[in-house]
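In what follows, a structure is listed as structure tokens, so that the remarks can point back to it.
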Amino acid sequence: MRPRLFISTSVAAGFLAGLALPGQALAETSVPSTAPVTAGDTSTADATGAAAVAADLTPPDGQGPVTLTQPVSGLPWAVADPFDYTDDHATFRVFARSSGNGATVTSLTARFYPLHAPADAAPVLTVTDFAYVDAGVWRATAPVVLPAFGAYRVALDVRDDHGYDVTLPSGGTVEYQQVVHFSSFTQTVPSNFDFDHRTVTVQGALTLTDPGTGQVSPFSGATVSVTGNSGGTTLKATTAADGTFTTSFDADVSVQTVGEYAPGREDSWTHTHAYAYLSQPGLPASEPTRIRFTSPPDVNVPAGGTATVTGVVERKVGDAWRPVPRTAVDLSGPQAGSEWFASYSDDRGAFAIPVSQPGTFQVRVEATDYLQQSPVESVRVHIPQPGAQFAGLSISQDATGQGRIAGRLTLGQADSPPAGTTVQVQYSADGRSWHNAATTTVGRQGLGKDEFLCGVRQGSSANGYWRVSFLGNSDWLPVNGNAVHLWRTPTRITGGRPSTTHARHNQKLSFSGSLQQSPAGAWHAYSHATVRLWFRPSGGTTWHLMSTATTDAHGQYSLSAKDTTTGTWYVAYQSPDTHHLDSTSTHTWVGVK
């Protein structure tokens with residue numbers, strides 16, 4: 001047999017790129033050759049780039065035939081390629097190599113057996129006439145016609161001009177199939193194509209072509225897959241007796257109608273795949289959309305709860321806004337990070353999105369071929385979180401019994417608490433039962449935005465337990481500051497009245513009585529303490545120290561001073577330490593003649 005050049009190098013190279021043949025691969029030439037490529041022009045690597053496989057078998061010198069089940073260095077090798085049905089015929093190709101050392105393949109024979117035929121079965125077809133294409137590829141000069149559709153084992157014989165004769169019982173598997181075509185594939189779009197009128201009807205027909213006879217017949221009972229919307233549901237249609245089918249879908253976004261016939265397992269050996277495509281139809285101008293919330297713009301949820309953001313998707317038709325069913329609603333916020341995730345409106349255009357994290361969320365209508373993206377709307381979800389705390393807390397009491405409570409309130413990472421945030425000042429006599437004694441506002445005039453300051457007294461002093469408490473709000477859980485016990489020993493002055501309330505000019509006034517203290521609830525004499533006599537003239541604003549005395553061992557004191565003008569007198573104890581409270585006697589007015 002005289003090999004003949006049959007097709008161009010580029011076609012053969014494309015075919016060869018799909019093969020992964022063990023053993024030596026024939027090198028690809030840059031221009032067509034008028035003679036078969038020999039093994040002397042090849043490398044020692046196979047088509048995948050792997051080194052050639054060497055078996056223990058020693059090749060005979062010019063003798064044969066030799067039966068091989070794996071590639072052997074120095075012997076010819078061949079492999080069958082699947083049928084090519086490009087022209088509706090079963091075109092058969094083989095890739096073959098010679099024994100090397102300048103040898104040339106001179107003969108190829110292919111024998112076809114049903115895939116599960118017994119080992120001693122006769123071939124149903126033998127092909128001997130091949131034309132050399134390029135780069136080790138040979139093609140049968142006539143289309144292959146087999147007695148039945150299905151899978152076949154191909155046995156190959158390959159000889160070269162160095163006298164080597166190799167038989168390959170398993171040279172590959174091929175599938176002899178009926179060729180499936182979409183003989184027609186069309187779609188019908190409504191003339192008033194818009195959001196309300198977008199049902200697209202798809203019609204088509206499948207045919208079967210016998211590659212042996214060329215006979216064309218309807219393909220009935222076939223399952224056709226039709227996809228109309230990008231990423232949408234795939235529709236299934238079954239062909240009628242005449243091979244026709246019809247289905248429809250509601251056009252959504254990125255309309256691209258695709259038809260596919262994919263053989264099932266039972267007929268994958270007997271039928272080819274088939275595909276059909278239609279161009280995207282012209283779409284109408286998209287309509288404006290908006291989000292109309294039915295939940296409040298501020299949603300308050302108890303700690304650990306879940307908020308539900310609800311609303312309606314609407315589109316503008318003329319001057320009216322109408323609900324939009326089954327349309328994507330995008331939400332972004334703390335729960336989704338920086339991404340948008342989609343929910344969908346129901347058949348009435350309503351949507352409900354559960355949210356389990358606090359923060360500001362953005363909601364929008366996702367743009368489609370029919371609808372414009374809506375303006376972004378915001379909703380604030382409030383779920384109380386931990387993170388409120390007191391800092392720089394100071395709780396103290398002065399000698400007059402006035403308590404002073406100051407500090408700062410911080411709420412998480414916020415710059416400052418919201419305007420109007422309040423702190424409760426709480427009192428307890430025993431450190432266990434608490435009640436609110438005062439309320440102070442954080443950041444009031446004269447203070448920093450997170451500062452608070454409050455003066456307190458419980459009865460006549462601030463003796464007892466004190467703490468501050470933030471009762472929480474829609475965003476932050478409550479928190480209590482540490483309790484502080486304040487205690488100064490109470491004191492009191494008995495007596496302290498002047499010897500007369502109607503004196504002459506420069507008359508001496510006498511004051512006497514006792515100073516007492518109560519360190520544990522009972523009153524006792526307070527000895528060796530300093531008491532002072534104070535006077536303020538009528539109409540004046542300044543108090544004047546008139547006399548000083550020290551109490552005796554029984555807490556008794558005696559004070560005197562000349563009365564020069566009408567005014568008010570009293571006796572006072574002023575604590576020189578941080579352990580006692582101040583006290584005063586009754587203020588008494590004395591007139592002078």
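Only this structure's heavy atoms are used, side chains among them; waters, hydrogens and symmetry mates stay out.
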Next item on the list: Report the distance from atom CZ of R408 to atom OG of S416, rounding to the nearest 0.5 Å.
Entry: 12.0 Å
Check: Would S225 and K236 count as having a side-chain donor-acceptor pair, cut-off 3.5 Å?
Finding: yes
Next item on the list: Output the distance between atom NE2 (H485) and atom CD (Q397), rounded to the nearest 0.5 Å.
Entry: 9.5 Å
Next item on the list: Considering non-hydrogen atoms only, spot the tightest contact between A251 and V200 and give its length.
Entry: CB-CG2, 4.0 Å
Note to self: Any non-hydrogen side-chain atom of Q362 less than 4.5 Å from a side-chain atom of I291?
What the structure shows: no
Margin query: Are there over 12 heavy-atom neighbours, none belonging to R348, within less than 6.0 Å of that residue's CZ?
Written below: no
Check: Please walk me through it: do D347 and R326 pass salt bridge (Lys or Arg N to Asp or Glu O under 4.0 Å)?
Finding: CA-CA 6 Å; D347 290 342; R326 299 178 299 282; 2.9 Å; yes
Notebook entry, point to check: Between OG1 of T584 and CD of Q574, what distance do you get to the nearest 0.5 Å?
Noted result: 10.0 Å
Check: Side chain of Q507, backbone of D563: donor and acceptor closer than 3.5 Å?
Finding: no
Would you mind writing out the side-chain donor-acceptor pairs for residues 296-313 within the sub-3.5 Å range, not counting sequence neighbours?
{"from": "D298", "atom 1": "OD2", "to": "H382", "atom 2": "NE2", "distance (Å)": "2.6"}
{"from": "T310", "atom 1": "OG1", "to": "T294", "atom 2": "OG1", "distance (Å)": "2.8"}
{"from": "T310", "atom 1": "OG1", "to": "S295", "atom 2": "N", "distance (Å)": "3.2"}

Check: Do side-chain atoms of N229 reach the backbone of D250 as a donor and acceptor pair under 3.5 angstrom?
Finding: yes
Notebook entry, point to check: Minimum heavy-atom separation for L411 to P418, with atom names?
Noted result: CD1-CD, 3.7 Å
Note to self: Distance alone, cut at 3.5 Å: any donor-acceptor contact between the side chains of T201 and S248?
What the structure shows: no
Check: With a 4.5 Å heavy-atom cut-off, do Y427 and V456 have their side chains touching?
Finding: no
Next item on the list: Take L371 and E366, measure what side-chain contact (heavy atoms from CB on, under 4.5 Å) needs, and give me the verdict at the end.
Entry: CA-CA 8 Å; L371 304 173; E366 188 175 295; over 6 Å; no
Next item on the list: Show the numbers, then the answer: is there a side-chain hydrogen bond (donor to acceptor under 3.5 Å, both in side chains) between S583 and T491?
Entry: CA-CA 6 Å; S583 57; T491 64; 2.8 Å; yes
Notebook entry, point to check: Nearest 0.5 Å, what's the CG-CD1 distance between L477 and I383?
Noted result: 11.0 Å
Check: Is T500 reaching over with its side chain to a backbone N or O of A503, donor-acceptor style, under 3.5 angstrom?
Finding: no
Next item on the list: Taking S345 for its side chain and V324 for its backbone only, find out whether a donor-acceptor pair lies under 3.5 Å.
Entry: yes
Item checked: Closest heavy-atom pair and its distance - W569, K562 -> CH2-O, 4.1 Å
Check: Mind checking whether W534 and L545 have side chains closer than 4.5 Å, heavy atoms only?
Finding: yes
Notebook entry, point to check: Between V202 and F249, is any pair of side-chain heavy atoms under 4.5 Å apart?
Noted result: yes
Check: Any idea how H580 and Y526 line up, ring-wise: parallel (<30°), tilted (30 to 60°), or perpendicular (>60°)?
Finding: parallel
Item checked: Closest non-hydrogen atom pair, H587 against W543 -> CD2-CH2, 3.6 Å
Notebook entry, point to check: Is it true that a side-chain atom of S585 and a backbone atom of Y570 form a donor plus acceptor pair closer than 3.5 Å?
Noted result: no
Item checked: Non-hydrogen side-chain atoms of R364 and W340 separated by less than 4.5 Å -> yes
Next item on the list: Return yes if some donor-acceptor pair links the side-chain N/O of T238 with the main-chain N/O of T223 below 3.5 Å, else return no.
Entry: no
Next item on the list: Looking only at non-hydrogen atoms, find the nearest pair between P325 and P323 and report the distance.
Entry: CD-O, 3.7 Å
Checklist line | Evaluation steps, side-chain contact (heavy atoms from CB on, under 4.5 Å), between T588 and T568 | finding: CA-CA 5 Å; T588 305; T568 302; 5.9 Å; no
Notebook entry, point to check: Going by heavy atoms in the side chains, are H273 and P263 under 4.5 Å from each other?
Noted result: yes
Note to self: Would the distance check show the side chain of Q187 and the main-chain N or O of S279 forming a donor-acceptor pair, the cut-off being under 3.5 Å?
What the structure shows: yes
Notebook entry, point to check: Is the charged tip of R492 near the ring of W523: under 6.0 Å from the six-membered ring centre and within 45° of its axis?
Noted result: yes
Check: Do side-chain atoms of T551 reach the backbone of A529 as a donor and acceptor pair under 3.5 angstrom?
Finding: yes
Next item on the list: Check the pair T578, R488 against side-chain contact (heavy atoms from CB on, under 4.5 Å), reporting the backbone distance first and the verdict last.
Entry: CA-CA 7 Å; T578 59; R488 282 183 180 236; 3.8 Å; yes
Note to self: Can a donor-acceptor pair be found, under 3.5 Å and without considering hydrogens, that links the side chain of T440 to the backbone of V423?
What the structure shows: no
Notebook entry, point to check: Mind checking whether Y465 and W434 have parallel, tilted or perpendicular rings, split at 30° and 60°?
Noted result: perpendicular
Margin query: Quick check: W476 with F470 (ring centres under 6.0 Å apart)?
Written below: no
Check: What is the ring orientation for F182 with F185, classed by angle as parallel under 30°, tilted 30 to 60°, or perpendicular over 60°?
Finding: perpendicular
Check: To the nearest 0.5 Å, what is the distance between CD (Q402) and CG (D582)?
Finding: 12.5 Å
Next item on the list: Evaluate the side-chain contact (heavy atoms from CB on, under 4.5 Å) criterion for residues Q203 and T188: first the C-alpha distance (whole Å), next the side-chain angles of each, then the deciding distance (0.1 Å), finally the verdict.
Entry: CA-CA 8 Å; Q203 304 94 6; T188 303; 3.5 Å; yes
Next item on the list: Please tell me if the side chains of T542 and H544 come closer than 4.5 Å, counting only heavy atoms from C-beta onward.
Entry: yes
Margin query: Any non-hydrogen side-chain atom of T422 less than 4.5 Å from a side-chain atom of Q424?
Written below: yes
Notebook entry, point to check: Can you name the closest pair of heavy atoms from A561 and M546 and give their distance?
Noted result: CB-CB, 4.0 Å
Notebook entry, point to check: Between the side chain of S514 and the main-chain N/O of G555, is any donor-acceptor distance below 3.5 Å?
Noted result: no
Check: In terms of heavy-atom contacts, does CZ of R497 have more than 12 from other residues, nucleotides or ligands at under 6.0 Å?
Finding: no
Item checked: Gap separating the CG atom of L393 from the CH2 atom of W466, nearest 0.5 angstrom -> 13.0 Å
